[in-house]
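This report concerns only the one structure given below.
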Amino acid sequence: MNGASGTRNLRSVEEQLARVLDAVRVLGAETLDVADAAGRTLAESVTAAHDIPLFDNSAMDGFAVRAADVAGASPESPVSLRVVADLPAGVSADPALGAGDAARIMTGSPAPTDADAIVPFEDTAGGLADSLREVRVLRAPAQPGAFIRRRGADLRAGDELVPAGDRIGPFQVAAAVAAGVSVVTLARAPRVAVVSTGSELLAPGEAPARGRIPDSNGPLLEQLVGGAGAEVVLAARIPDDAHAVTEVTAQALERGADVIVFTGGVSAGAYEPVRSAFDGGGEIEFVPVAMQPGKPQAFGVLGAGCLVFGLPGNPVSVAVSFEVFVRPALLAMQGRTDIHRPLAPFTADTPWTTPPGRRQYLPAVVDVAARTVRPATAGGSGSHLAGGLARARAFAIVPAEVDAVAVGDAIDVMLVE
Ligand code: AMP
Ligand code: MG
């Protein structure tokens with residue numbers, strides 16, 4: 001099949017994705033320790049439990065002073081102050097400062113209520129030496145409040161830190177903890193079963209034999225599912241046997257799967273167990289989609305509301321189909337605001353060909369600094385070239401109507417790492 005005649009009955013990627021997203025129901029919420037929340041989606045916004053900073057504190061190692069006392073200080077006429085307290089990190093003391101008094105203070109320590117500026121060590125004659133009896137100030141603070149970090153300057157109690165629908169990552173965990181938040185409300189992680197079909201498949205590490213290949217799709221999907229904030233509740237490898245598909249489906253439903261992802265066995269060959277098990281039942285639709293790789297797609301909803309994806313078995317097809325259909329669904333189930341990876345224009349630095357009438361998703365090597373893109377596989381766009389995936393950090397996306405990419409062409413790139 002080639003050219004217009006081979007592409008006429010294909011469904012567009014957009015339409016297939018719209019059908020998938022139509023079937024998605026947002027899962028319920030659960031509370032979790034914020035330290036365990038990274039990678040997940042917030043069901044409720046996170047608001048600060050207390051101010052950041054929590055108290056007025058010093059931005060420098062130096063001396064807390066009354067600014068008026070040292071307003072006239074200069075290298076020619078230093079001002080001497082009595083050091084009446086020492087305030088290392090962690091102290092709670094709030095020493096009174098009378099006229100001519102100073103307190104030695106370290107960065108982050110609470111600034112005395114009576115102080116209205118910090119003079120850093122660099123602006124004193126003795127610096128750290130002798131600093132517990134007397135200090136000679138060489139330069140007046142630039143303005144009132146100099147080097148005092150004010151309570152609540154960053155964030156006030158009750159302020160929103162992260163809105164509902166956002167992913168919580170390491171930075172958000174840190175900000176929440178800094179604002180006194182210990183528990184967050186997250187969308188429940190979708191429970192996912194990943195099932196590799198194929199009588200040729202070996203467990204990773206099993207001795208190779210003629211006709212047999214390692215099951216790389218299983219580990220690929222387990223990683224991708226985890227990266228989308230979902231939980232793998234079943235990982236299985238089954239032979240090309242429709243009964244095995246039915247059995248593993250029952251097992252996945254028993255484990256409460258919200259989603260089952262099959263790989264392999266969906267196209268029109270002689271031994272296609274996913275097609276044999278589900279085709280004609282009316283729940284799962286088998287449809288060619290105008291993309292390359294990933295043309296044969298299966299998708300549907302089982303009675304209890306479990307989404308079923310049947311992805312074509314080639315490893316590159318699985319990687320692409322996951323990005324295009326499965327990941328957006330897993331994120332939408334979590335109520336994620338932004339379910340799509342951003343696209344950015346890069347420049348092709350080598351020519352390549354693309355299939356007529358189908359959108360190409362090509363595993364690609366990118367030079368992010370130079371904004372250039374090239375195929376990851378020397379052998380072209382073959383969906384069986386699992387080794388090339390090792391070099392890919394992105395997909396180059398070429399529209400269906402383009403047949404060839406020339407050096408210098410602007411190409412949309414989806415960064416996936
Ligand atoms: P299928 O979609 O079942 O016709 O498979 C297409 C191609 O992908 C065949 O060459 C399979 O051997 C290969 N394949 C299928 N499943 C896997 C898997 N889990 N890991 C690696 N390759 C696979
Ligand atoms: Mg197969």
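Excluded from the calculations below are hydrogen atoms, water molecules and symmetry mates; all remaining heavy atoms, backbone and side chain alike, are included. For this chain, numbers begin at 1 and follow the sequence in order. Both ligands and their constituent atoms are indexed starting at 1 by order of listing.
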Atom indices of ligand 1 within 4.0 angstrom of Gly264 heavy atoms, with elements: 1 (P), 2 (O), 3 (O)
Closest contact, heavy atoms only, Ile52 versus Ala175: CD1-O, 4.2 Å
Contact partition for Val266 relative to ligand 1, non-hydrogen atoms under 4.0 Å: neither
Polar side-chain atom of Arg104 near backbone of Val83 as donor-acceptor pair, under 3.5 Å: no
Ser199 (side chain) donor-acceptor with Asp240 (main chain) under 3.5 angstrom: yes
Separation of Ile148 CD1 from Ile118 CD1 (nearest 0.5 Å): 4.5 Å
Side-chain donor-acceptor contact under 3.5 Å, Glu30 with Thr185: no
Whether Gly265 lies under 4.0 Å from ligand 1, heavy atom: yes
Pair Asp61-Thr107, side-chain donor/acceptor within less than 3.5 Å: yes
Those atoms of ligand 1 less than 4.0 Å from some heavy atom in Ser216: 20 (N), 21 (C)
Those atoms of ligand 1 less than 4.0 Å from some heavy atom in Ser196: 19 (N)
Short side-chain to backbone donor-acceptor contact, Thr124 and Pro120, under 3.5 Å: no
Nearest neighbour of atom 14 (N) of ligand 1 from the list Gly211, Gly313, Gly269, on a heavy-atom basis: Gly313
Atoms of ligand 1 close to Pro214 [distance to a heavy atom under 4.0 angstrom, numbered from 1]: 20 (N), 21 (C)
Sub-3.5 Å N/O-N/O distance, Pro315 and ligand 1: no
Ligand 1 contact on Glu200 by region, counting heavy-atom pairs under 4.0 Å: side chain
